[in-house]
Amino acid sequence: ILGKTNMTEWANFRGDRSISGWSGRGGQCRNPYVLDRNPSGSSSGSAVAVSANLCAVAIGTETNGSVISPANMCGIVGIKPTVGLVSRFGIIPISRTQDTAGPMGRTVSDAAILLSAMVGADPRDKSTMADRDGLPDYTKFLDPDGLKRKRIGIARQFFSSESMGDLLLTPALKTMEEKGAILVPFSEKINNWGRAESIVLHYEFKAGVNEYLAWLGPKSPARDLADLIDFNNRNKDRELQYFGQEDFIASQKCGPLTDHVYLDALEKCRRASRDEGIDAVMKSYQLDAIAAPSGGPADPIDVIYGDRGTGGSSGPAAIAGYPNINVPAGGYMGLPVGISFFGKPFSEPTLLAIAYSFEQATNARFEPKFHPTIAID
């Protein structure tokens with residue numbers, strides 16, 4: 001073990017009003033740019049450690065936004081690989097259909113080096129057993145001209161006032177055009193799954209965490225989700241002092257993964273994110289990738305209301321199980337913001353070429369200064 005990081009309690013899947021970067025064991029992890037700001041999560045400590053120069057690279061895990069969002073708010077590169085590229089064995093699960101580990105680094109090159117070391121088939125994770133040719137060295141796809149002649153869809157639905165996309169990313173889009181990219185704005189919604197994802201995650205979390213705890217065997221004092229709920233109730237002064245465990249309780253009420261409620265929701269998620277979402281738009285406009293704001297600048301740490309959300313675009317790629325890369329794209333009032341590039345399954349080589357070219361053209365990342373707060377005149 002080279003180092004441990006303080007991750008968000010149960011990956012932001014324990015209860016309402018959860019606080020990114022907080023855990024009952026480690027306390028509050030802070031954004032290195034402005035210390036009273038949210039580091040996002042759930043891979044909070046991984047992103048902060050890289051951003052603050054405590055390490056060269058780190059590994060995060062994502063179900064929906066848990067690599068991309070902290071990478072955005074902490075000013076680093078984060079890669080959420082295609083589900084099935086990297087083994088999930090040993091990782092505490094939320095979703096068997098969405099979970100993946102991913103590399104985090106200060107540069108696209110660093111993240112690509114780590115990704116090359118992480119990929120591979122693992123019989124303990126059947127999602128990785130597809131027949132693919134060899135183990136690629138992803139650094140060979142780092143092309144400074146990777147934007148040239150690439151057709152990149154601009155997902156207008158995510159350029160909202162919440163994400164501040166138009167304000168902060170207009171210069172980034174201009175740079176992409178100057179580097180030879182063909183920008184194709186589109187207005188189609190690619191996230192029409194409604195409550196279906198919530199249903200899928202609650203069902204899959206119960207099944208997954210029960211399997212994980214059973215695998216731990218006598219090493220774990222908790223044997224199933226019911227034991228975890230009981231533990232939190234017995235230690236509520238420490239564990240439940242800021243927010244509850246509504247997600248745990250909702251998951252505990254779910255039945256097996258053969259329930260039609262779960263199967264219908266899973267089918268809706270896949271259809272909305274793939275067939276009628278990313279796949280449809282990329283085919284219609286003949287795109288190489290889709291670009292969108294990764295999210296807005298970091299919100300304040302708030303123990304009363306919890307995370308506030310900043311217009312992130314991680315959902316379509318996360319629910320589809322497709323790859324996504326965040327690259328620093330600028331800043332606002334001393335806080336970084338990033339841009340996401342996502343696309344078809346196992347299109348990491350194309351996305352890395354685009355991301356590297358964008359990074360080399362913009363050099364948008366700036367180092368954190370550990371300001372205690374944002375000064376207001």
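- What you find for S43 and G60 is that their closest heavy atoms are OG-CA, 3.3 Å.
- A donor-acceptor pair shorter than 3.5 Å can be found between the side chains of Q245 and N233.
- Between the CD1 atom in I59 and the OG atom in S46 there is a gap of 8.0 Å [rounded to 0.5 Å].
- For the pair V83/R88, a side-chain contact is recorded, criterion being any heavy-atom separation below 4.5 Å from C-beta on.
- Checked for salt-bridge contact, R365 and E359 miss the test: no charged N lies under 4.0 Å from a carboxylate O.
- A 6.0 Å sphere centred on CD of Q241 holds more than 12 heavy atoms belonging to other residues, nucleotides or ligands.
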Check against salt bridge (charged side-chain N to carboxylate O under 4.0 Å, His left out), E197 and K268: CA-CA 9 Å; E197 185 198 18; K268 182 175 182 179; over 6 Å; no

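- Aromatic pair H202/F13: centroids less than 6.0 angstrom apart.
- The shortest heavy-atom contact between L115 and P103 is CB-CG, 3.9 Å.
- No side-chain N or O of T350 forms a donor-acceptor pair with one of D288 less than 3.5 Å apart.
- Without hydrogens or angle criteria, T5 side chain to G45 main chain gives no donor-acceptor distance under 3.5 Å.
- In this structure, F366 places its CZ atom where more than 12 heavy-atom neighbours from other residues, nucleotides or ligands lie under 6.0 Å away.
- Relative ring orientation between W10 and F205 is described as perpendicular, the plane-to-plane angle rising above 60° on a 0-90° scale split at 30° and 60°.
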Check against salt bridge (charged side-chain N to carboxylate O under 4.0 Å, His left out), R96 and E211: CA-CA 11 Å; R96 64 184 61 195; E211 290 176 2; 3.3 Å; yes

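- Rounded to the nearest 0.5 Å, atoms CD1 (I290) and CG (L351) are 10.0 Å apart.
- The existence of a salt bridge linking E276 and R271 is confirmed by a sub-4.0 Å separation between a basic side-chain nitrogen and an acidic carboxylate oxygen.
- Connection of F342 to Y285 is established within a shared hydrophobic cluster, with ILVMFWY side chains joined at heavy-atom distances below 4.5 Å, either directly or through further cluster members.
- Closest heavy-atom contact between K179 and A361: CG-CB, 3.7 Å.
- Taking the six-membered ring for Trp and the full ring otherwise, the centers of Y322 and F346 sit at least 6.0 Å from each other.
- Using a 4.5 Å heavy-atom threshold, the side chains of E204 and D99 count as separate.
- If you check the side chains of S127 and D125, you find a donor sitting under 3.5 Å from an acceptor.
- Under the 4.0 Å criterion applied to side-chain N and carboxylate O atoms, R14 and E9 are assigned as salt-bridge partners.
- For the pair F248 and L225, the minimum side-chain heavy-atom distance is below 4.5 Å.
- Atoms CZ and CE, from F341 and M176 in turn, are 4.5 Å apart once rounded to the nearest 0.5 Å.
- With contacts defined as side-chain heavy-atom distances shorter than 4.5 Å, the pair I152/V184 does not qualify.
- Side-chain heavy atoms closer than 4.5 Å link hydrophobic residues (I, L, V, M, F, W, Y) into clusters, and following such links, possibly through other members, connects L228 to L201.
- Using a 3.5 Å distance cut-off with no hydrogens or angles, the side chains of D122 and S87 do pair a donor with an acceptor.
- Nearest heavy-atom pair, A11 versus I94, reported as atom, atom and distance to 0.1 Å: CB-CD1, 3.6 Å.
- If you check the side chains of N53 and R106, you find a donor sitting under 3.5 Å from an acceptor.
- Residues T97 and I319 have side chains not in contact (no heavy-atom distance under 4.5 Å, counting atoms from C-beta outward).
- For the pair Y138 and L114, the minimum side-chain heavy-atom distance is 4.5 Å or more.
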Could you walk me through whether I182 and R151 pass side-chain contact (heavy atoms from CB on, under 4.5 Å), step by step? CA-CA 5 Å; I182 303 166; R151 293 179 59 84; 4.0 Å; yes

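- Taken from OH in Y203 to OG1 in T258, the straight-line distance is 9.0 Å, to the nearest 0.5 Å.
- In this structure a side-chain-to-backbone donor-acceptor pair under 3.5 Å is missing from K80 to V67.
- For G21 against P39, the heavy-atom pair with the smallest separation is CA-CG, 4.1 Å.
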Please test T139 against F141 for side-chain contact (heavy atoms from CB on, under 4.5 Å), starting from the C-alpha separation and ending with a verdict. CA-CA 5 Å; T139 62; F141 303 112; over 6 Å; no

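- Side chains of S44 and T8: a donor on one and an acceptor on the other come within 3.5 Å.
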Evaluate the criterion side-chain contact (heavy atoms from CB on, under 4.5 Å) for residue pair Y33 and S51; output intermediate values, then yes/no. CA-CA 9 Å; Y33 286 86; S51 179; 3.4 Å; yes

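- How far SG of C29 is from CD1 of I19: 13.0 Å, rounded to the nearest 0.5 Å.
- With a 4.5 Å cut-off on side-chain heavy atoms, V77 and M104 do not count as touching.
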Evaluate I68 against S340 for side-chain contact (heavy atoms from CB on, under 4.5 Å), listing each step before the verdict. CA-CA 8 Å; I68 297 301; S340 283; 3.6 Å; yes

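- Side chains of S42 and N12: no donor on one and acceptor on the other come within 3.5 Å.
- In summary, D302 and R308 engage in a salt bridge, as defined by a charged side-chain N under 4.0 Å from a carboxylate O.
- Considering CD of Q28 and CG of D36, their distance stands at 10.5 Å, rounded to 0.5 Å.
- G338 and N72 make their closest contact through N-OD1, 2.6 Å (heavy atoms, listed as atom of the first residue, atom of the second, distance).
- When the shell of 6.0 Å around CZ of F89 is examined, it contains more than 12 heavy atoms from other residues, nucleotides or ligands.
- Looking at V48 and N31, their side chains never come closer than 4.5 Å, going by heavy atoms from C-beta outward.
- Using a 4.0 Å cut-off between a side-chain N of Lys or Arg and a carboxylate O of Asp or Glu, R156 and D166 qualify as a salt bridge.
- In this structure, R234 places its CZ atom where more than 12 heavy-atom neighbours from other residues, nucleotides or ligands lie under 6.0 Å away.
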